[in-house]
Protein chains: 4
Amino acid sequence: MFLRIDPDNGLAIYDQVVRQMKFAIAGEALKPGDLVPSVRELARDLAINPNTVSRAYLQLQHDGVLETVRGLGLSVSAGAAKRCRAEGGKLIRERLAQVFDEARLSHLDPDDLRKMVSTELESALKRKD
Amino acid sequence: MFLRIDPDNGLAIYDQVVRQMKFAIAGEALKPGDLVPSVRELARDLAINPNTVSRAYLQLQHDGVLETVRGLGLSVSAGAAKRCRAEGGKLIRERLAQVFDEARLSHLDPDDLRKMVSTELESALKRKD
Amino acid sequence: MFLRIDPDNGLAIYDQVVRQMKFAIAGEALKPGDLVPSVRELARDLAINPNTVSRAYLQLQHDGVLETVRGLGLSVSAGAAKRCRAEGGKLIRERLAQVFDEARLSHLDPDDLRKMVSTELESALKRKD
Amino acid sequence: MFLRIDPDNGLAIYDQVVRQMKFAIAGEALKPGDLVPSVRELARDLAINPNTVSRAYLQLQHDGVLETVRGLGLSVSAGAAKRCRAEGGKLIRERLAQVFDEARLSHLDPDDLRKMVSTELESALKRKD
DNA sequence: GTGGTCTAGACCACC
DNA sequence: GTGGTCTAGACCACG
């Protein structure tokens, strides 16, 4: 599965699902018309409650990214790819800004901070699980 | 005041207070023996609830960073500077790791991501409010 | 076909089929002894699932409106016309009461509401599709 | 309380809450800045589950009608009155159209239908509970 | 099997 | 006290 949730992320679980689903669509891991995993299946895979998945899917419908196909499930809506590509970068930039804003308040030496950021980024990029 | 809270940070408000207080001590804006602002004063300055400040101070006492001075208030404890310096970088590194971990899942091109991170970091470092 | 289903009606699809079938019998579009469309045919015509039609027909049998004719299908039962005429008005009155009850809570001016109702009614009566 | 829910309405309970809350705001029973009843209080009053109220309030926030006031509750947002007045009539007209559309299919004599509608409407308007 | 809705009850952060 | 989030489990309509 293309989603990975981290309970200590600071973000609510349903929000992580929403964001990563948008990432997946922006990155074309999911294409318009594709059915997303069923509520129950995704809940089982991520070891979270179906209701939490349901809430994430509700949000995604509300955002115009998913739409119901009666009796079949939920599919990626037509305009979703474009919308998600536009939004994807913004979601990440917002979070980066928040974290860097906090980091700024630590009064670390800017160069130390740059090094720390770079180190963590590269180590995250290497992690391929 | 040296603290700045952001309700949409993802972190609980009391946690932001705790972290930034530790940063302030690590950066010697507050030195051992200094009295920290009273619960009411800080609450007023940050426009948050005194109860929230209270919880943050409780946490800081529990972490051995603050200690009560009877009749005077709370002061930065003796060993706090060292402890906070050690902890400061870790707090930030952890959050960086979380965010980069999410960013990795966006399947952005690594170079685009590096650029985005660098842009946001520099823009945060410039912000001096 | 004399049936028209609207997925956003508030009523379950099978219920819409049941009700409109009764209307058709009350209005003598279907007479006792007539064979109703087969489950598959009706499902195809209305673009709904055969299972849903099946459930509607089951309900209609249970209500004494349809009866099986072995090897042929389902036919309108003898007493159905009378029963449906009696029931038809009631079904509509009940729904009207529900909707007007909600409308009442909107605190619209009664005269405005009367006008709105009248306008919508006439416009519905004109629609002949 | 200004809300009245009917489980057999055809509409989901949370949807009835959403609609009637909008009606209440349109009719100025609730004004911008007012706090709406707490999730728990409304749930108790309507004898429904707090989660169901929560869901309705979530929808209303999403529709820009309510906004959270941290630790205090939910308040009617500034632009809500105007938005709700605009939407109120539409919500009712839509439902009327659905019901009349069904009524049309009953092939009742139009004059009989008009009389029936008028009777039900007046009887609903008289009901003052 | 699917999603939609509802209930019941829990913990958390915040006022 | 408040809302926000999560879990657990139920029933229904639909395919």
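Proteins get letters first, then strands, A, B, ... in listed order; numbering begins at 1 in each.
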Is the shortest side-chain N/O distance from [X] to OP1 or OP2 of [N] below 4.0 Å?
| X | N | result |
| --- | --- | --- |
| A:Gln61 | E:dG3 | no |
| D:Ser38 | F:dT2 | yes |
| A:Arg70 | F:dC14 | no |
| D:Thr68 | F:dT2 | no |

Ionic contact status for D:Lys82 with D:Glu87, cut-off 4.0 Å: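 Looking at D:Glu87 and D:Lys82, the cut-off is not met.
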
Take the protein atom [atom1] of [X] and the nucleotide atom [atom2] of [N], then report the distance between them rounded to whole Å.
| X | N | atom1 | atom2 | answer |
| --- | --- | --- | --- | --- |
| D:Leu74 | E:dC15 | CG | P | 14 Å |
| C:Leu58 | F:dA13 | CG | C1' | 15 Å |
| A:Glu67 | E:dT2 | CD | C1' | 16 Å |
| C:Asp8 | F:dA13 | CG | C1' | 14 Å |
| D:Asn51 | E:dA10 | CG | P | 13 Å |
| D:Leu35 | F:dG1 | CG | P | 16 Å |
| D:Leu72 | E:dC14 | CG | C1' | 10 Å |
| B:Asp6 | E:dC14 | CG | P | 12 Å |

Just one of C:Arg19, C:Lys22, C:Arg4 clears the salt bridge (Lys or Arg N to Asp or Glu O under 4.0 Å) bar with D:Glu102, so which one?
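One option only clears the test, and that one is C:Arg19.
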
Show each protein N/O and nucleotides 11-13 of chain E N/O combination with a separation under 3.5 Å, one pair to a line.
{"residue": "E:dA13", "atom": "OP2", "partner": "B:Arg55", "partner atom": "NH1", "Å": "3.3"}

| said: Checking B:Asp101 against B:Arg104 for the salt bridge (charged side-chain N to carboxylate O under 4.0 Å, His left out) test, could you report, in this order, the C-alpha distance in whole Å, the side-chain angles of both residues, the deciding distance, and whether it holds? | reply: CA-CA 5 Å; B:Asp101 227 53; B:Arg104 176 172 57 88; 3.4 Å; yes

5′-ward residue of the pair A:Asp15/C:Asp15 relative to DNA chain F: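 Result of the comparison: A:Asp15.
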
Exercise for review: Provide the Watson-Crick or G-U wobble partner of F:dC14, both distances under 3.5 Å; none if there is no partner.
Suggested key: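 With both distances under 3.5 Å, F:dC14 matches E:dG1.
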
Requested in this report: Could you pick out which residue, D:Leu11 or B:Asn49, lies toward the 5' side of DNA chain E when each is mapped onto its nearest nucleotide?
Outcome: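 Its nearest nucleotide being more 5', the pick is D:Leu11.
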
Handout entry: From B:Ile13 atom CD1 to B:Asn51 atom CG, the distance as rounded to the nearest 0.5 Å
Key =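 So the CD1 of B:Ile13 and the CG of B:Asn51 are separated by 12.0 Å.
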
message: Within this structure, what is the OG-CG distance for the pair D:Ser38 and D:Asp45, rounded to the nearest 0.5 Å?
response: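 Answer for the OG-CG pair, D:Ser38 versus D:Asp45, is 8.5 Å.
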
Query raised in the report: Taking atom types as modelled, is there a side-chain donor on D:Arg55 or D:Asn49 under 3.5 Å from an acceptor on the other?
Result: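 The criterion, which ignores hydrogens and geometry beyond distance, is not satisfied for D:Asn49 and D:Arg55.
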
For a quick check under 3.5 Å, do B:Arg95 and A:Asn9 share a side-chain donor-acceptor pair by atom type?
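Their side chains do not contain a donor-acceptor pair, so the 3.5 Å distance test is not met.
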
